[in-house]
Number of protein chains: 2
Amino acid sequence: MTAQPERKAQLIDATIQELGATGSLSVTVGQIARRAGVSSALAFHYFGDKDRLFLAAMRHILAVYGAEVRAALKEADSPRARLDGTIRASFSETSFRHDVIAAWLNFYVLAHRSDEARRLLGVYHRRLHANLVHDLRPLAGPRAPEIARRLAALIDGLYLRFVHFPRDEAEDSASAHVLAALDAELKALP
Amino acid sequence: MTAQPERKAQLIDATIQELGATGSLSVTVGQIARRAGVSSALAFHYFGDKDRLFLAAMRHILAVYGAEVRAALKEADSPRARLDGTIRASFSETSFRHDVIAAWLNFYVLAHRSDEARRLLGVYHRRLHANLVHDLRPLAGPRAPEIARRLAALIDGLYLRFVHFPRDEAEDSASAHVLAALDAELKALP
DNA sequence: GCACTGTTTGACTGGTCAATCAATAAATCT
DNA sequence: AGATTTATTGATTGACCAGTCAAACAGTGC
């Protein structure tokens with residue numbers, strides 16, 4: 001049937017890759033299209049304008065991430081196991097990748113001028129927060145929301161660091177850091 | 001004597017303000033110059049090119065931040081008090097401001113393509129890490145570096161959140177979060 | 001073979017912007 | 001006062017880029 005979904009997916013992949021390669025929203029639609037092996041006019045045909053192409057790429061990243069979280073939660077029974085899953089999903093092979101991280105960074109920049117990007121970012125924030133609070137509640141009671149905020153910020157902060165200094169420094173598994181912080185927070189409860 | 005320092009400072013301020021207002025590195029030198037009340041040609045005359053103007057703005061932000069940390073450390077005697085100072089300085093009136101945060105965010109983006117920006121970012125990272133480790137050592141021994149990394153990432157992550165959702169939600173003093181995390185980490189030590 | 005529909009492109013446009021330059025004004029020096 | 005350096009700008013250039021458009025192309029049904 002229609003080649004539309006295929007081409008759209010190609011362009012979205014190319015967008016993420018190009019964002020990772022050049023690291024800035026000032027990548028041109030031409031560059032993206034060239035990477036996808038099509039003309040720039042096709043990108044406009046399918047997405048309307050540049051911002052909507054970026055947004056589509058970001059929605060794709062969020063969808064993949066969301067699926068990964070859901071999968072991790074499905075096979076977790078205890079609250080603690082679910083927290084593990086949520087955290088580990090944030091640093092999974094597919095999400096914690098150079099180009100995806102670069103896309104996230106530029107997503108934050110895009111959120112400055114695009115209402116839709118800001119909305120999407122809010123959705124991610126609330127979803128992560130809700131997940132964390134839900135499973136922290138049995139373990140931390142009324143302190144759950146506060147701890148959740150710290151864990152969420154820690155995750156974002158670790159992403160930020162790995163944009164430029166990729167995962168090589170041995171011990172530094174990012175998820176290990178978040179899990180350690182979680183342990184500390186729980187152990188320190190009154 | 002020369003009006004150079006004056007104009008340069010004006011342009012640097014305008015750069016930060018404009019970065020905060022539009023939230024993207026694609027601010028034009030013309031916009032910045034107009035905000036500073038001079039012609040764009042003057043900006044080029046003093047800074048050579050756009051990137052060097054951004055870098056100068058970032059160096060200024062780092063200098064202010066560094067001075068603030070040093071001041072906070074001067075009047076702190078115990079390791080714990082010094083940690084408090086380091087953390088609080090990160091969220092001081094002058095550093096934790098909408099436009100400055102936006103400049104930081106774009107600094108991370110700039111670091112993708114500019115070696116000098118990446119170098120500068122490394123300096124900030126190492127300085128913060130060194131400060132934290134130095135004062136964590138007496139309190140956390142060999143776990144100090146690990147904890148320092150988490151606190152640093154938490155600080156960055158909190159910045160990231162406050163780019164778009166400014167400090168209004170009452171309780172949310174960002175530095176309180178970091179201090180709470182620090183307490184938890186110390187309390188949870190073996 | 002023809003009409004129809006979706007796909008894809010090359011060529012074009014209008015606008016923007018970094019960077020340059022030649023020229024003027026103001027300060028500084030001798 | 002004359003010479004020299006510094007500050008400052010308006011005008012311009014050359015490149016680039018988002019977005020448009022009309023036309024070519026391919027498949028599908030009749």
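Naming convention: chains lettered A, B, ... in sequence-line order (proteins, then strands); numbering from 1 in each chain. Quick caveat, the model's predicted, so the values are computed rather than measured.
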Are [Y] and [X] co-members of a hydrophobic cluster defined by side-chain heavy atoms under 4.5 Å apart?
| X | Y | answer |
| --- | --- | --- |
| B/Val123 | B/Leu128 | no |
| B/Val133 | B/Ile87 | no |
| B/Leu11 | B/Val64 | no |

Quick one: side-chain hydrogen bond (donor to acceptor under 3.5 Å, both in side chains) pairs with a partner in residues 131-142 of chain B, sequence neighbours left out?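 Applying side-chain hydrogen bond (donor to acceptor under 3.5 Å, both in side chains) to every pair that reaches into residues 131-142 of chain B, excluding sequence neighbours, yields B/Arg82-B/Asp135.
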
For [X] and [N], give me the distance from atom [atom1] to atom [atom2], rounded to whole Å.
| X | N | atom1 | atom2 | result |
| --- | --- | --- | --- | --- |
| B/Phe47 | C/dA18 | CZ | C1' | 16 Å |
| A/Lys50 | D/dG19 | NZ | C1' | 12 Å |
| A/Lys8 | C/dG6 | NZ | P | 14 Å |
| B/Leu42 | C/dA19 | CG | C1' | 14 Å |
| B/Glu6 | C/dA26 | CD | C1' | 16 Å |
| A/Leu11 | D/dA18 | CG | P | 14 Å |

Whether B/Glu146 and B/Arg150 form a salt bridge (side-chain N of Lys/Arg under 4.0 Å from carboxylate O of Asp/Glu) is what I want to check.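 Answer for the salt bridge query: yes.
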
For B/Asp77, which residues count as a salt bridge (Lys or Arg N to Asp or Glu O under 4.0 Å) partner, sequence neighbours excluded? none

Quick one: list whatever passes salt bridge (Lys or Arg N to Asp or Glu O under 4.0 Å) with B/Asp84, sequence neighbours left out. B/Arg80, B/Arg88

If the test is ring pair (Phe, Tyr, Trp, His ring centres under 6.0 Å), which one of A/Phe107, A/Tyr159, A/Trp104 qualifies with A/Tyr124?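 Between A/Tyr124 and the candidates, ring pair (Phe, Tyr, Trp, His ring centres under 6.0 Å) is satisfied uniquely by A/Trp104.
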
Nearest atoms (heavy-atom pairs only) where A/Lys187 meets B/Ala188: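 Where A/Lys187 meets B/Ala188 most closely, the heavy atoms are NZ-O, 3.2 Å.
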
So if I take residues 22-32 of chain B and measure heavy-atom distances to DNA chain C, which residues fall below 4.0 Å?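 By residue number: B/Val27, B/Thr28, B/Val29.
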
DNA chain C-proximal residues of residues 110-119 of chain B, any heavy atom under 4.0 Å: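 Of all residues in residues 110-119 of chain B, none places a heavy atom under 4.0 Å from DNA chain C.
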
Looking at A/Lys50 and A/Ser26, would you say the former's side chain and the latter's main chain have a donor-acceptor pair under 3.5 Å? no

Exam field: side chain B/Asn106 to backbone B/Val109, donor-acceptor pair closer than 3.5 Å: no

Apart from B/Val29 itself, which Ile, Leu, Val, Met, Phe, Trp or Tyr residues share its cluster (side-chain heavy atoms under 4.5 Å, direct or through members)?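 Listed partners: B/Phe44.
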
Phosphate OP1/OP2 of C/dG6: any A/Tyr46 side-chain N/O under 4.0 Å: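 Checking A/Tyr46 against C/dG6: no side-chain N or O falls below 4.0 Å of OP1 or OP2.
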
Taking OP1 and OP2 of D/dA7, is either one under 4.0 Å from a side-chain nitrogen or oxygen of B/Arg7? no

Among residues at least two apart in sequence or on other chains, which ones pass ring pair (Phe, Tyr, Trp, His ring centres under 6.0 Å) with [X]?
| X | answer |
| --- | --- |
| A/Phe54 | none |
| A/His125 | B/Phe165 |
| B/His112 | A/His98, A/His164 |

Over its full length, what angle do the end axes of the helix from C/dG1-D/dC30 to C/dT30-D/dA1 make, each axis taken from five pairs and the result rounded to 10 degrees? 10°

Can you tell me how far OG1 of B/Thr15 sits from CG of B/Leu53, rounded to the nearest 0.5 angstrom?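 Interatomic distance, B/Leu53 CG to B/Thr15 OG1, rounded to 0.5 Å: 3.5 Å.
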
Give me the residues of residues 51-59 of chain B where at least one heavy atom lies under 4.0 Å from an atom of DNA chain D, by number, or none. none

Can you check nucleotides 20-22 of chain C for protein contacts, nitrogen or oxygen pairs under 3.5 Å, and list what you find?
none

